[in-house]
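By convention in this document, chain letters (A, B, ...) are assigned in the order of the sequence lines, proteins followed by strands, and residues within each chain are numbered from 1.
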Amino acid sequence: MPMNNMQMVFGDEQGMLLDSARAFCRDRSTMPAVRALLPSAQGFDPQVWQQMAALGWLGVAVAEDFGGSGLGISSAVPLVECMGKHLLTTPFIDTTLVARVLQQAAGSDLSQRYLPDIVGGQIASLALLESEDWGDPAIGVTATPAKSGLQLSGAKTQVAYAEVAELFLVSVMYQGVARLLVVPTAAVPSAAVSRQTCIDETRRCARVDFSGVSVGMENLLPGDADSTLREVMLLGALLYAAEAAGSAAACMDLTAEYLKTRHQFGRPIGSYQALKHPMVEVLVAMENARSFVYHAASLVNEATPDRDAESACRMAKAQASEALKFAGDRAVQFHGGMGFTYECDAQLYIRRAQWSQQVFGDAYHHRKRLASLLLDS
Amino acid sequence: MPMNNMQMVFGDEQGMLLDSARAFCRDRSTMPAVRALLPSAQGFDPQVWQQMAALGWLGVAVAEDFGGSGLGISSAVPLVECMGKHLLTTPFIDTTLVARVLQQAAGSDLSQRYLPDIVGGQIASLALLESEDWGDPAIGVTATPAKSGLQLSGAKTQVAYAEVAELFLVSVMYQGVARLLVVPTAAVPSAAVSRQTCIDETRRCARVDFSGVSVGMENLLPGDADSTLREVMLLGALLYAAEAAGSAAACMDLTAEYLKTRHQFGRPIGSYQALKHPMVEVLVAMENARSFVYHAASLVNEATPDRDAESACRMAKAQASEALKFAGDRAVQFHGGMGFTYECDAQLYIRRAQWSQQVFGDAYHHRKRLASLLLDS
Amino acid sequence: MNGTDPSPSELAEFRAEVAAWLEQHKPADPGFLLPQTFMEVGSDQQLEFLREWQHKLWSAGYLGVHWPSEYGGRGMHAAFQHEVDRELRRQRTPITFNVIGLGWAGPLILDIGTDQQKALYIKGILSAEDIWCQGFSEPDHGSDLGNAQTRAVRDGDDYVINGSKIWTTMGNYARYMILLARTDPSAERKYDGLSFFLSPMEARGIETRPIQKITGEYGFTETFFTDARIPASCLIGGEGNGWRVAMQTLQYERGAAAGAAGGLPQVRISVSDLIDDIRHLRRDGQPLLEDPVVRDRLVELIMEEKALGLADRRTGLPGLNTDYPLSLPLSFKLRASEYQRRMRQYGLELQGGLGSLYVGDEQAVAGGFWQRAYFNNFATTIGGGTSQIQANIIGEQVLGLPKS
Amino acid sequence: MNGTDPSPSELAEFRAEVAAWLEQHKPADPGFLLPQTFMEVGSDQQLEFLREWQHKLWSAGYLGVHWPSEYGGRGMHAAFQHEVDRELRRQRTPITFNVIGLGWAGPLILDIGTDQQKALYIKGILSAEDIWCQGFSEPDHGSDLGNAQTRAVRDGDDYVINGSKIWTTMGNYARYMILLARTDPSAERKYDGLSFFLSPMEARGIETRPIQKITGEYGFTETFFTDARIPASCLIGGEGNGWRVAMQTLQYERGAAAGAAGGLPQVRISVSDLIDDIRHLRRDGQPLLEDPVVRDRLVELIMEEKALGLADRRTGLPGLNTDYPLSLPLSFKLRASEYQRRMRQYGLELQGGLGSLYVGDEQAVAGGFWQRAYFNNFATTIGGGTSQIQANIIGEQVLGLPKS
């Protein structure tokens, strides 16, 4: 069984990226800044987004030919973890995933057409999900040949930042085969985009009805999308796992700080084992998530994740989902009455936990697939 | 779903039985007496067994026509719970189950032949299991017509107290149909009985190879055994659940007592929440088991357990198995170094827990069947 | 207030009458999410709806059935109210929301209040004209009631109150508060320095500030007392007896039989509701309810809920409660509230991608009911003594373990 | 004791040599269950087998490779021993059982002992001629080492020892004990009253009583000191420095790089071993490993074990340990021992009816290996600071929470 691969590397470049991300997130994503964005339409600060582009972060998974740094998707992991820790929430993950797909699976025409703009700050989003079922093998959106190219039918749900994206990467059925299609948002009428209410108020997503939208044939990525979809599902799981691990750490820090200062019955409440020991469980769950995340990051830079890399990505997501869910739940409980208020930051984490656990498949989704990988050999 | 049946009765007769069982068990099954029996061949005190017969306990599930009290199997529940609490371990459960089957499913000839002797103290045992798989739908032991009646082939495992039983009730395949057969031990050569090593040293069981054994046709219980087997599996689960609930309570008491007296770092260790709160979890698990047990006991007196009764028996066994397993594990841990010794009584419970969880199906065995009962309606 | 025990047939007849009345008069779905507990009343719309419903129920003679008729009740045996309460639960009516009045203040006033107090307060509690709130918890002493610091100083015919209370349910709607305040800060035992008041909320110097809950909704206030003057006649139980009175008040929570007016203080949320709500969802292209791991977890939850119900029944059978007599009653809150937390949390997990949505999203499962229910449930694992404190109490009082 | 860092190729070459030697010389299955840890040596048969194996390994030059050659080592770099240790683990050899000598007493003597002490003790430790045991815990102060009450009183050239120790591993076989005893009961700080001795076990007045473990086997003794006289030269580290010396001793546990002689102190039990052992079992007439609920639980366990291994790797990458630098090392024991407890316990559950049998039954799965392994594992969740104490340490030292 693939338990023996214990590869774990953390290069100087990743270290430097992490250092710069730390400084950037601490500076740009203070808690007041996070709070101020909650009721906003867009959910993030466009200036911050442009600064991220300027730092080259949107090009980590993009080759130098197309304006990127070619560091590879594993370099996005420390960035995302750090963003998770500071609740700096932007279209970064989805945009990075689209860039990775275009980089690896598109022809050079498509890459040349879209990648340099993405590196420069254009927002791109994945449109994959059609129902509540992240494990649904079927694709309902269809692309049919029409006079002007392809005519689409069907809708996608939970398309991240759909209202401000300039590009969708859409999974479609075309002539009975799963394919990926680039749909510029210009081709989508704004009425087709209906905002959804995210439980994690730092995020934005929408339902997008592609019915009636036409795009050119040249926007179809070459070949059967099955392996690319598998890959993007794994990398999406990894990046959201990294973010969740960061958020779990921040949630733990917030709670630990409260437990040091709050007194009840004449003692700081953190001195009670009933609170201290579950905090240790949160710590261990979070650290395990980090270990899986960096293990996976050490294995995913190749074109197609192999069995070990798949296993690592799935473990990362399964563990990080559970770690943040547990951390968020305990954060609210251990803040006592304060934890029950919207004003207390614990709510930000418990809400994020509900989002994070689902996106790109929940813990059980991944464990079920791990069972096949690990037990059926 | 059958969640609404909350029947719970505890009649005066059950109350009186419980009172007399309490006094009896406290008196006859002191911890030194339990300890003294551990290395013995038989595992129980024949005098105590005869006293139980004299008290009429072996006849609770037997009609007055055959010498019993006709109180019904539900009256065995408080007796067994009390025995569990005092680790008074005898062939009571198996003998009672055999009596119940003979009472309900045998013709009056067979009943007349065997029941009065059982009420008087004859030991009877069930021979049902053939492998590790309590859920195996297949029966491997066969009965073939021969000159002198029936000729058997195949073996059973974990036959309780097989070395001292005078009667086996054996599940067999006869002409392609599952049947139950009474096999007097006189018909079984003693070399066919090989003692097994029970993890719970208060018990005895053996593998019995019935190959070559002959019994008369008249020892075959009438009709297809499927519904009787289902019933005896449910009642067995209930009685062992009652025993486990009793043992879990005793295990909890033992541990709580230690936590009150043992000091570390200048405080009684029971004052630490890291020990106190898991003890509360043990309490709740044990109480829930008791609730299920007495709920089930309120529903099983009819001839064939209905859907609600089946659900109640399964819940009782699932819960009691887990409660005792948890109580035993924590008992050893919380006794610290002492808990690691054979001398400490915690070992009696952790060992019993491993036995109890398996016998008549473990918690998951029953939950799986509950899922069909509760979710597929 | 009661009379002799009614016969089973009397009760059955009464129950049938109530059932028929409810079938006809219980309110239709208002088209907005109703609160499951009185702590969730977050809008004027909800409040007016619930006020009207309670008034209607009382007018029909089905609330405080066993309370004295001179104060708005019917003077019947408590068993009749119990029948009403069971039928309200069975028919899943909206809650009778004036819970602090019906279940805390009312029975207390009937037990130890003066005739004047009874005449002044009881009927308004039943009719829902007067909403009551509770002033026990304070910002810095959440779980430590005995340490309440809000001061009440006798000044002529008044007491002058200074301090603040928190988690005042419906503080912004309430006309009266049951208030625990410190009249003697120098008392040797801190418990002896407390007194209990039936305080008006409109007194000058009392201000409320709504608290936004984790759900984003309102439902509690913080209440500030700044030289607030209330008449000395508001004192109940005598000066210095506040702790004892407060403890007595908590006993009424156990329902009509314990003296409360009855009604339906909260909608019970069951795992069967969850199963109904997620039955149509799919996982890996198959029905969610066919997934063996999901099924196993649901069975565990069903068992936990069933055990809660059975424990309730067992409490009434003395023969089955001899070993640990306090075990079931003392552990009820912990078992129920923690079960609900786990069950509701799992309710979100089961929703797959839809679990990422929230109240207000038209695609959210059951309008986001489970999301809100999970968050709101922390009120029960935190309020009224956190689960951690409950576990201490059980460990110490049931198992006899030494104090932490 | 070491020299310059060896090159990767030197190490690889050495590793290949070790591997080849082991392939040829590692002992065959003796036909009885061998101990997984040195705490499980319960019979003369097991002891003699293991003594012979350690002697053979040392004679071949593969134990204490980095210890000074004048005392039985080879004076090479510790990295070479590390290669041996990895190969021993890979080839699943029996343990090198003289663990207290190899991993505690030996490195301590080499660090702070006199030349005379080195000459006297080191070689016997490596060759397994002299078995060592440890005398830290006492019957009434299990987890509270600093409170040790066994007295050592200086009397001329001797110390006179009175008191008792418990959990003395191989106490009935050992020639020497590392002994923590109180030389100054009046010291202001209780830690300052302790001293550390290399005590002979054959001294008059020292008696051992075997402790029967929960498994039914032996493996520990209780050790009684009644006016036992040991030479003052047995003192190590100076009178009153016992606590500091004991703490130093615990550091060597981290393996050859930390100064220990190396070897294989315990056989690691993996969930893959469990999966192999239960692969042939059935549940409900189907292969156990096809049951979805079983599969899900096994995946959880595999993940937990994998996380332990990854955390080990991470410890070596400074960039990934900046946030909570002590987190991984301080939590290792808790994570590993509690994981093993859960995994082994599940190992019994998975066996179905066969889980009811025990060591000695010919039908028991793997000879009852998992039954024994589950019970024996409590030595690790209790010994060396219980899991509850470990959690305190982590909460306080990693998260900065206040002391309990």
Side-chain angles (χ1 to χ4, degrees), chain A residues 1 3-12 14-15 18-19 78 85 249 252-253 255-257 259-260 267-273 275-284 286-292 294-295 311-312 314-315 318-319 363-364 366-376, chain D residues 270-272 275-276 279 287-324 327-328 330-332 334-335 338-339 387-396 398-404:
Chain A
M1 84 183 75
M3 278 189 59
N4 300 324
N5 187 330
M6 292 284 176
Q7 202 175 325
M8 176 94 75
V9 290
F10 190 70
D12 291 347
Q14 280 171 303
L18 184 56
D19 287 344
K85 192 149 185 177
M252 180 183 81
D253 290 345
T255 313
E257 205 44 54
L259 298 189
K260 288 177 210 174
R267 285 165 53 183
I269 60 177
S271 68
Y272 291 104
Q273 291 175 332
L275 309 184
K276 183 184 290 178
H277 290 192
M279 288 304 293
V280 171
E281 288 177 57
V282 170
L283 173 75
V284 168
M286 181 279 291
E287 289 285 25
N288 284 354
R290 283 199 86 201
S291 295
F292 287 129
Y294 281 96
H295 173 51
S311 168
R314 296 197 186 284
M315 287 188 183
Q319 180 69 28
Y364 174 46
H366 292 287
R367 286 202 309 269
K368 191 189 276 190
R369 286 151 180 84
L370 282 164
S372 303
L373 286 169
L374 301 170
L375 299 172
D376 298 338
Chain D
S270 164
V271 65
S272 350
I275 293 167
D276 286 344
R279 194 177 282 281
L288 182 62
L289 279 184
E290 288 178 11
D291 187 291
V293 173
V294 170
R295 291 163 72 82
D296 196 50
R297 181 73 189 116
L298 284 174
V299 167
E300 288 181 329
L301 292 169
I302 290 171
M303 283 178 56
E304 209 174 336
E305 186 169 312
K306 177 125 188 172
L308 281 165
L310 290 172
D312 254 10
R313 293 298 169 95
R314 237 182 84 194
T315 308
L317 299 173
L320 292 179
N321 295 284
T322 52
D323 292 345
Y324 314 94
S327 165
L328 298 181
L330 275 187
S331 64
F332 179 77
L334 179 67
R335 288 181 286 125
E338 289 291 331
Y339 159 69
S387 293
Q388 290 68 36
I389 288 173
Q390 297 296 327
N392 281 350
I393 293 172
I394 301 163
E396 290 158 20
V398 180
L399 295 174
L401 297 174
K403 281 190 88 71
S404 289

* Structure fact -> Interface check, chain A: of D:L289, D:I394, D:N392, D:V398, most non-hydrogen pairs under 4.5 Å belong to D:N392
* To do: Select one option (side chain, backbone, both, neither) describing which atoms of A:D19 are under 4.5 Å from chain D's heavy atoms.
  => neither
* Measuring heavy-atom distances to chain D, does A:A249 have an atom under 4.5 Å in its side chain, in its backbone, in both, or in neither? -> both
* Taking NZ, NE, NH1 and NH2 as the nitrogens, is one of them in A:E287 or D:R335 under 4.0 Å from a carboxylate oxygen of the other? -> no
* Asked: What is the distance from atom CZ of A:R290 to atom OH of D:Y324, rounded to the nearest 0.5 Å?
  -> 8.0 Å
* Under 4.5 Å heavy-atom distance to chain D, tell me which part of A:L259 shows up: side chain, backbone, both or neither. => both
* Under 4.5 Å from a heavy atom of chain A, the part of D:L308 involved -> neither
* To do: Taking D:S404 for its side chain and A:S271 for its backbone only, find out whether a donor-acceptor pair lies under 3.5 Å.
  => yes
* **Spatial distance of atom CE (A:M315) from atom CD (D:E304) [nearest 0.5 Å]** => 12.0 Å
* Decide yes or no for D:R295 and A:D376: does some side-chain heavy atom of the first lie under 4.5 Å from some side-chain heavy atom of the second? => yes
* Close side-chain approach of A:V280 to D:L401, heavy-atom, < 4.5 Å -> no
* Asked: Taking atom CG of D:D312 and atom CE of A:M6, what is their separation to the nearest 0.5 Å?
  -> 8.5 Å
* Structure fact -> Whatever's closer than 4.5 Å to a heavy atom in chain D on A:Q319 counts as both
* CZ of A:F10 to CG of D:L317: how many Å apart, nearest 0.5 Å? -> 8.5 Å
